[in-house]
A.B. asks: 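One structure is given below, represented as C-alpha cells, and several questions about it will come after.
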Amino acid sequence: MKTHSLYERIYEVIRQIPVGRVATYGQIAAIVGECGARTVGYALAALRSDTSVPWHRVVNRQGKISLRAHGSEGQEQRARLEAEGVTFDSDHRIDLSQFGWVGPKSDWRVAHGMI
DNA sequence: CTGATGACGGTGC
DNA sequence: GGCACCGCCATCA
C-alpha cells in the first residue's frame with residue numbers, strides 16, 4: 001500500500017473513525033506508525049473543503065478542537081460532532097474516556113500494512 | 001534545491 | 001493544573 005502518500009494513509013485511518021467517536025492527532029499518528037502527531041495535523045491542514053475525510057472527528061489530546069479555532073470551521077466541527085451525538089463540556093472539551101475511539105481492529109491494520 | 005508553512009504533544013518548572 | 005520550550009516532517013512555491 002505505497003501507492004498513496006503518507007498523508008493519504010493518514011486520511012485512510014481517519015476514515016475508519018466511526019460516527020459519534022473522536023480520535024486524537026497522536027492516536028492517528030500511532031496507528032499509521034511513521035510520523036508524529038504534528039504531521040497528522042499538517043496532513044489535515046492540507047485538506048480541501050470538499051474532502052470526504054471526516055476531519056471533524058479529530059481533536060487534540062485535551063479533547064478540544066484545535067483547528068484555527070475561533071474561525072467558522074471550528075464552529076462547523078463542533079456542530080458536526082454534536083449532530084453525531086458527541087457532547088462538549090463547559091470548556092468546549094470532549095470527554096475522551098466516553099467518546100474516544102478505541103482504534104481500528106487489528107485485522108484492518110494487517111490489511112493495510114500498519115501492524 | 002532551499003525555504004516557508006502548518007489542525008500537536010511530551011516534558012519540565 | 002497551566003505555561004513555555006523544543007522536537008518533528010511532508011508538501012508546495
Side-chain angles (χ1 to χ4, degrees):
Chain A
M1 284 296 279
K2 292 294 296 181
T3 57
H4 293 300
S5 67
L6 173 61
Y7 281 15
E8 292 286 333
R9 284 193 289 158
I10 288 173
Y11 303 148
E12 195 62 30
V13 172
I14 295 175
R15 288 198 184 91
Q16 307 310 309
I17 304 174
V19 174
R21 285 298 178 76
V22 298
T24 66
Y25 296 90
Q27 185 176 9
I28 301 299
I31 293 170
V32 173
E34 291 178 20
C35 62
R38 203 164 182 180
T39 302
V40 174
Y42 298 152
L44 288 179
L47 284 173
R48 306 285 181 168
S49 56
D50 61 354
T51 182
S52 60
V53 178
W55 53 270
H56 56 284
R57 297 186 190 134
V58 184
V59 295
N60 66 23
R61 198 69 172 99
Q62 309 169 64
K64 284 168 85 175
I65 291 176
S66 193
L67 188 47
R68 351 182 134 177
H70 323 309
S72 57
E73 288 189 308
Q75 294 299 311
E76 185 182 341
Q77 178 166 12
R78 174 168 177 159
R80 289 195 187 198
L81 290 173
E82 292 183 317
E84 295 182 352
V86 176
T87 60
F88 290 74
D89 65 18
S90 55
D91 287 326
H92 307 288
R93 267 187 287 132
I94 297 169
D95 181 356
L96 294 179
S97 66
Q98 184 179 356
F99 299 104
W101 182 37
V102 293
K105 293 180 179 179
S106 60
D107 57 344
W108 182 90
R109 291 208 200 185
V110 173
H112 290 260
M114 299 186 190
I115 190 72

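So you know, we letter chains A, B, ... as the sequences are listed, proteins then strands, and number each from 1.
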A.B. asks: How long is the line joining CD1 of A/Ile28 and C1' of B/dA7, in whole Å?
C.D. replies: 12 Å
A.B. asks: Rounded to the Å, how far apart are A/Ile65 CD1 and B/dC8 P?
C.D. replies: 13 Å
A.B. asks: Which residue, A/Ile65, A/Leu67, A/Val59, forms the side-chain contact (heavy atoms from CB on, under 4.5 Å) with A/Arg78?
C.D. replies: A/Ile65
A.B. asks: How close or far is atom C1' of B/dT11 from atom CZ of A/Arg61, stated in whole angstroms?
C.D. replies: 14 Å
A.B. asks: Mind running side chain to side chain contact (heavy atoms under 4.5 Å, CB included) on A/Gln62 and A/Arg93 for me, showing each step along the way?
C.D. replies: CA-CA 7 Å; A/Gln62 309 169 64; A/Arg93 267 187 287 132; 4.3 Å; yes
A.B. asks: Can you find a heavy atom in the side chain of A/Phe99 that is under 4.5 Å from one in the side chain of A/Thr87?
C.D. replies: yes
A.B. asks: So, A/Trp108 versus A/Gln16: side-chain donor-acceptor pair below 3.5 Å or not?
C.D. replies: yes
A.B. asks: Atom CZ of A/Arg48 to atom P of B/dA7: distance rounded to whole Å?
C.D. replies: 15 Å
A.B. asks: Reading nucleotides 8-13 of chain C from the 5' end, what letters show protein touch, with B for base, S for backbone sugar-phosphate only, - for no heavy atom under 4.0 Å?
C.D. replies: BBBS--
A.B. asks: Between P on B/dA7 and CG on A/Leu67, what's the gap in Å once rounded to a whole number?
C.D. replies: 8 Å
A.B. asks: Begin with the C-alpha distance, continue with both residues' side-chain angles, and end with the deciding distance and a verdict on side chain to side chain contact (heavy atoms under 4.5 Å, CB included) for A/Ser66 and A/Tyr25.
C.D. replies: CA-CA 10 Å; A/Ser66 193; A/Tyr25 296 90; 3.9 Å; yes
A.B. asks: Taking atom P of C/dC3 as reference, at what distance in whole Å does atom CD of A/Gln62 sit?
C.D. replies: 10 Å
A.B. asks: How about A/Tyr11 and A/Arg15: does a side-chain donor come under 3.5 Å of a side-chain acceptor?
C.D. replies: no
